[in-house]
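This chain uses plain numbering: 1 for the first residue, then up along the sequence.
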Amino acid sequence: MQRGILIVIGHPDPSPERLGRALASAYAEAAERAGHIVRKIDLALLDIPLLRTMQEFEHGAIPDSLKEATEAVVWAEHFVFVFPLWLGTVPALLKAFLEQVMRPGTAFAYAAKGEGFAKSLLRGRSARLVVTMGMPATVYRIWFLSHGIAGVRRGILNFVGIRPVRETLFGAVANASEAKRAKWIGQMRVLGERGL
């Protein structure tokens, strides 16, 4: 089944040798070969202003630099977020991006006074979080309970209706052999082909 897939490359460093960029490219190439429609957003190439007030979050205009990205968020059926783990969670640039594009009117709608919870506007979509990290992935899962990723999954993506949200964690990347990196890239090709 053909899917509209949005790949968000969340590494603030635009260097082409970053592992996350190779993982995202492998996923994208395999997905396109399998007939999926793929769009990519590279956050390192965008101007992403910080939101500083609730008023700005709720009523401010989407910055011109993010209008195309916001349209892609509404368009997508499946999201793939590829990013490094920084201080146990997503880099600030990715968090700033999510705050800008997951706003009221785009990703959710506030309920009328006294009428319960906010309405999720991105229901029926799914996501995958692809995370590279310096520590072994099992340590992050077991000792740290994947806390930073869990916050993104529950507090942002599930809140706006995106589920299921699956995770692919690649740990100890700094010391990984070329064979290990090739294996990870192969995993991403399989996921891309299946649109997962």
Let me confirm one number: the [atom1]-[atom2] distance from [X] to [Y], rounded to the nearest 0.5 Å.
X      : Y      : atom1 : atom2 : value
Arg128 : His78  : CZ    : NE2   : 6.0 Å
Arg21  : Asp13  : CZ    : CG    : 7.0 Å
Gln100 : Thr70  : CD    : OG1   : 7.5 Å
Glu77  : Leu122 : CD    : CG    : 12.5 Å
Thr89  : Phe83  : OG1   : CZ    : 7.0 Å
Ile37  : Leu6   : CD1   : CG    : 12.5 Å

ILVMFWY network linking [X] to [Y], side-chain heavy atoms under 4.5 angstrom:
X      : Y      : answer
Leu87  : Leu169 : no
Val82  : Met135 : no
Val139 : Val130 : no
Trp86  : Val90  : no
Val101 : Tyr110 : yes

>> Between Leu157 and Arg163, does the side chain to side chain contact (heavy atoms under 4.5 Å, CB included) criterion hold? Intermediate values first, please.
In response: CA-CA 7 Å; Leu157 302 178; Arg163 60 175 50 115; over 6 Å; no
> What orientation do His147 and Tyr140 show, parallel under 30°, tilted 30 to 60°, or perpendicular over 60°?
Replying inline: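 Answer is tilted, since the angle falls between 30° and 60°.
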Hey, is the main chain of [Y] close enough, under 3.5 Å, to the side chain of [X] for a donor-acceptor pair?
X      : Y      : answer
Ser177 : Lys180 : yes
Arg3   : Gly195 : yes
Arg103 : Gly60  : yes

> When you look at Lys67 and Glu71, which way does the salt bridge (charged side-chain N to carboxylate O under 4.0 Å, His left out) test go after all the steps?
Replying inline: CA-CA 6 Å; Lys67 285 184 178 172; Glu71 187 275 325; over 6 Å; no
How close do [X] and [Y] get, counting heavy atoms only, and between which atoms?
X     : Y      : answer
Leu43 : Gly10  : CD1-CA, 3.9 Å
Pro84 : Val131 : C-CG1, 4.4 Å
Pro49 : Leu66  : CD-CD1, 4.4 Å
Tyr27 : Leu196 : OH-O, 3.0 Å
Val73 : Phe79  : O-CZ, 3.4 Å
Val38 : Ala31  : CG2-CB, 3.7 Å

>> Around atom CG of Leu45, are there more than 12 heavy atoms from other residues, nucleotides or ligands closer than 6.0 Å?
In response: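 For Leu45, atom CG is crowded (more than 12 foreign heavy atoms under 6.0 Å).
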Would you say that [X] contacts [Y] through its side chain, given a criterion of any heavy-atom pair below 4.5 Å between the two side chains?
X      : Y      : answer
Val173 : Met133 : no
Thr106 : Leu121 : no
Phe170 : Lys183 : no
Lys40  : Ser25  : yes
Thr168 : Leu129 : no
Leu19  : Trp184 : yes

>> Restricting to side chain to side chain contact (heavy atoms under 4.5 Å, CB included), what partner residues turn up for Leu98, sequence neighbours left out?
In response: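 Scan of Leu98 (side chain to side chain contact (heavy atoms under 4.5 Å, CB included), adjacent residues dropped) gives Phe81, Leu94, Met102, Val152, Ile156.
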>> Tell me whether Glu193 is salt-bridged to Arg189, with the criterion being a basic N under 4.0 Å from an acidic carboxylate O.
In response: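 Salt bridge between Glu193 and Arg189, a charged N being under 4.0 Å from a carboxylate O: no.
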>> Could you check whether Arg141 pairs with Glu167 (Lys NZ or Arg NE/NH1/NH2 to Asp/Glu carboxylate O, under 4.0 Å)?
In response: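 Glu167 and Arg141: not salt-bridged.
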> Step by step, would you call Thr132 with Arg18 a side-chain hydrogen bond (donor to acceptor under 3.5 Å, both in side chains)?
Replying inline: CA-CA 10 Å; Thr132 60; Arg18 294 285 167 218; over 6 Å; no
